[in-house]
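Since we're looking at a predicted model, the values are computed, not measured.
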Amino acid sequence: MNANLQNGGLIHRNGDSLLVTDIKGYSGTYLIHNDTSFDTFTDNLMWFMNTEGPGILYSDQRRGNRLFRSSPAAREDKLVLDKPCYQPVLGGEMVYYMDEQDGCLYSCTADGRHDRRLTDEKVSGFLLMEDETVIYACAQGIRMTGADGRKVETLSPEAAGCMVRVGGRLAYADRGRELDLTLLDLSSGESSEVDGIAAASVNTDGRYLYCANRRNGNSLYRVDPRTGSSIRISGDSAYHLHVLDGEIYFSHSREWYRLPLAGGEATMLPLPGGMNHEY
C-alpha cells in the first residue's frame with residue numbers, strides 16, 4: 001500500500017530523480033536530479049502518481065482530472081479514462097478510483113476497459129489492501145468489500161476523514177470528533193483515540209504514523225500506533241504529507257519541504273522560480 005496516494009501522490013521516485021508537482025505556481029511537474037538541480041518534466045499537473053512498469057499512471061488536474069499513463073523516458077502520455085478520477089490506485093491489472101461526478105468507488109483495467117461501479121454509496125476515501133479487498137469511508141461508516149464490490153462489511157459506524165493502515169490497525173481522522181486520530185484494530189474491531197492529535201493529514205513508514213496536527217497549527221507529530229504515544233518532530237505547518245526514502249515531504253505555503261523522519265530542520269526543495277533554503 002502506498003500511503004502517499006492518500007495525500008495526493010504529488011511526489012514520486014523516478015529512478016535517481018524525484019518527480020514533484022508544482023502546487024504553487026502550477027507550472028507543471030518537474031524532475032529534481034541529485035537533490036539539487038531540476039528541469040521541467042511536463043506542464044501537466046500530475047496527481048496520484050502510481051508506478052506502472054516503466055511508466056506512471058496519474059490524474060491530470062490540467063485536463064479535468066482525467067486518467068493518463070505517462071512514459072518518462074519518452075515524455076509522452078496516453079489517455080486511459082476519459083472522466084475525472086480522484087485518487088486512482090493501481091492494484092495488479094486493475095485501477096481503483098473515486099468518480100468525481102457521482103462520488104462512488106469504481107474499478108477498471110489498467111488500460112481503461114471494463115469500467116464498473118463498486119459501491120452505491122458516495123465514498124470520501126479508500127484503501128486498497130494487498131489481497132485486493134477495499135476499505136472505504138462513507139456516510140454510513142467505514143466499510144470493507146471485495147475487489148468486485150460484493151460482500152460489504154461494516155468495520156465501524158464512524159465517519160472517517162484521511163486514513164492509512166499501519167500493521168493490523170487502521171488509523172483515521174474521526175470526522176464526528178473534530179478529526180481526532182483514531183486507531184481501529186482490524187482483527188478485534190476495538191478502537192482507541194490518540195490523545196491530543198487531530199489529524200489534518202496522516203501518513204506512515206510502516207512502523208510509525210506521521211500526522212499534521214490541527215490542534216497545534218498543523219505541526220508534525222510522530223505517533224507510535226502500538227502505544228498511542230506521540231512526539232512533535234517539527235513546528236512547521238504541514239500539508240500533503242509524503243513519506244519517501246527515509247524522509248517526510250510536505251507542503252508549506254504551497255512550497256515543498258523535506259525533513260528526516262527523526263525530525264530536525266526542514267529544507268526547501270528546489271522549485272522553478274524559487275531558491276533552496278532551510279525553513
Side-chain angles (χ1 to χ4, degrees), residues 1-9 87 89 91-92 96 98 105 107 118-216 218-233 238 241-244 248 261-262:
M1 181 191 72
N2 181 359
N4 291 336
L5 295 172
Q6 274 68 48
N7 291 278
Q87 196 193 307
V89 176
Y96 301 82
M98 290 179 279
L105 182 65
S107 70
L118 299 180
T119 66
D120 294 325
E121 312 98 317
K122 291 185 178 181
V123 174
S124 59
F126 74 95
L127 300 175
L128 180 65
M129 303 292 102
E130 285 81 359
D131 62 358
E132 296 189 3
T133 57
V134 180
I135 295 176
Y136 64 93
C138 61
Q140 292 77 19
I142 302 171
R143 293 182 165 181
M144 181 170 65
T145 186
D148 56 3
R150 300 174 182 174
K151 298 181 180 179
V152 176
E153 176 186 352
T154 298
L155 301 178
S156 170
E158 308 300 335
C162 54
M163 58 182 184
V164 298
R165 194 191 75 176
V166 54
R169 298 177 179 88
L170 181 72
Y172 66 93
D174 189 335
R175 288 184 169 177
R177 294 185 173 89
E178 298 182 336
L179 301 184
D180 281 350
L181 180 62
T182 303
L183 301 172
L184 173 66
D185 189 305
L186 294 173
S187 296
S188 68
E190 296 181 356
S191 64
S192 60
E193 295 178 10
V194 177
D195 290 340
I197 305 288
S201 181
V202 62
N203 207 323
T204 181
D205 61 359
R207 180 182 179 185
Y208 295 109
L209 295 165
Y210 299 89
C211 301
N213 188 3
R214 198 172 73 167
R215 288 206 178 93
N216 198 353
N218 266 42
S219 54
L220 277 169
Y221 282 70
R222 185 180 67 208
V223 177
D224 188 336
R226 295 164 299 180
T227 64
S229 62
S230 64
I231 183 173
R232 192 170 79 156
I233 60 173
L241 305 185
H242 290 61
V243 174
L244 192 66
I248 187 163
L261 291 179

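- The OG atom of Ser191 lies 8.5 Å from the CG atom of Asp174; values are rounded to the nearest 0.5 Å.
- Contact detail for Ala199 and Cys162: the closest heavy-atom pair is O-SG, 3.6 Å.
- Judged by distance alone, the side chain of Asn216 and the main-chain N or O of Ser219 form no donor-acceptor pair under 3.5 Å.
- Under the salt bridge (Lys or Arg N to Asp or Glu O under 4.0 Å) criterion, Glu193 pairs with Arg177, not counting sequence neighbours.
- Within the 4.5 Å cutoff, side-chain heavy atoms of Leu186 are placed close to those of Ile135.
- Contact between Ala3 and Val164 at its shortest, heavy atoms only, is CB-CG1, 3.9 Å.
- Residues passing the side-chain contact (heavy atoms from CB on, under 4.5 Å) test with Asp131, sequence neighbours excluded: Met129, Thr133.
- With hydrogens and angles ignored, the 3.5 Å screen pairs a side-chain donor or acceptor of Asn218 with a backbone N or O of Ala238.
- Glu121 pairs by the side-chain hydrogen bond (donor to acceptor under 3.5 Å, both in side chains) definition with Tyr136, Arg143, not counting sequence neighbours.
- The distance from atom OH of Tyr208 to atom OG of Ser229, rounded to the nearest 0.5 Å, is 8.0 Å.
- Side-chain contact between Leu209 and Leu183 is present, with at least one heavy-atom pair separated by less than 4.5 Å.
- Under the 3.5 Å distance criterion, the side-chain polar atoms of Glu158 are left unmatched by any main-chain donor or acceptor of Gly176.
- Arg232 pairs by the side-chain hydrogen bond (donor to acceptor under 3.5 Å, both in side chains) definition with nothing, not counting sequence neighbours.
- Shown here for Ala147 and Leu118, the closest heavy-atom pair between the two residues is O-CD2, 3.5 Å.
- With a 4.5 Å cut-off on side-chain heavy atoms, Val89 and Phe126 count as touching.
- In terms of the salt bridge (Lys or Arg N to Asp or Glu O under 4.0 Å) criterion, residue partners of Arg226 (sequence neighbours excluded) are, by chain and number, Asp224.
- To the nearest 0.5 Å, atoms OG (Ser156) and CD (Glu190) are separated by 12.5 Å.
- Judged purely by atom type and a 3.5 angstrom limit, Asn4 uses its side chain to pair as donor or acceptor with the backbone of Val243.
- For the pair Asn203/Ile248, no side-chain contact is recorded, criterion being any heavy-atom separation below 4.5 Å from C-beta on.
- When every heavy atom of Ala137 is checked against every heavy atom of Ala160, the shortest pair comes out as CB-O, 3.8 Å.
- Here the closest non-hydrogen pair linking Ser124 and Cys138 is OG-N, 4.4 Å.
- Taking the side-chain hydrogen bond (donor to acceptor under 3.5 Å, both in side chains) definition, one finds that Ser201 meets it with Asn7, sequence neighbours left out.
- Of all heavy-atom pairs spanning Leu181 and Cys211, the tightest one is CD2-SG, 3.6 Å.
- Here the straight-line distance linking atom CG of Leu105 with atom OG1 of Thr145 works out to 8.5 Å at 0.5 Å rounding.
- Taken to the nearest 0.5 Å, the OG1 atom of Thr182 stands 11.5 Å off from the CD1 atom of Ile197.
- A salt bridge is absent between Arg215 and Asp195; no separation between the charged side-chain nitrogens and carboxylate oxygens falls under 4.0 Å.
- Side chains of Leu170 and Leu127 form a contact here, defined as non-hydrogen atoms less than 4.5 Å apart.
- Residue Gln6 holds its CD atom at 12.0 Å from CG of Leu241, rounded to the nearest 0.5 Å.
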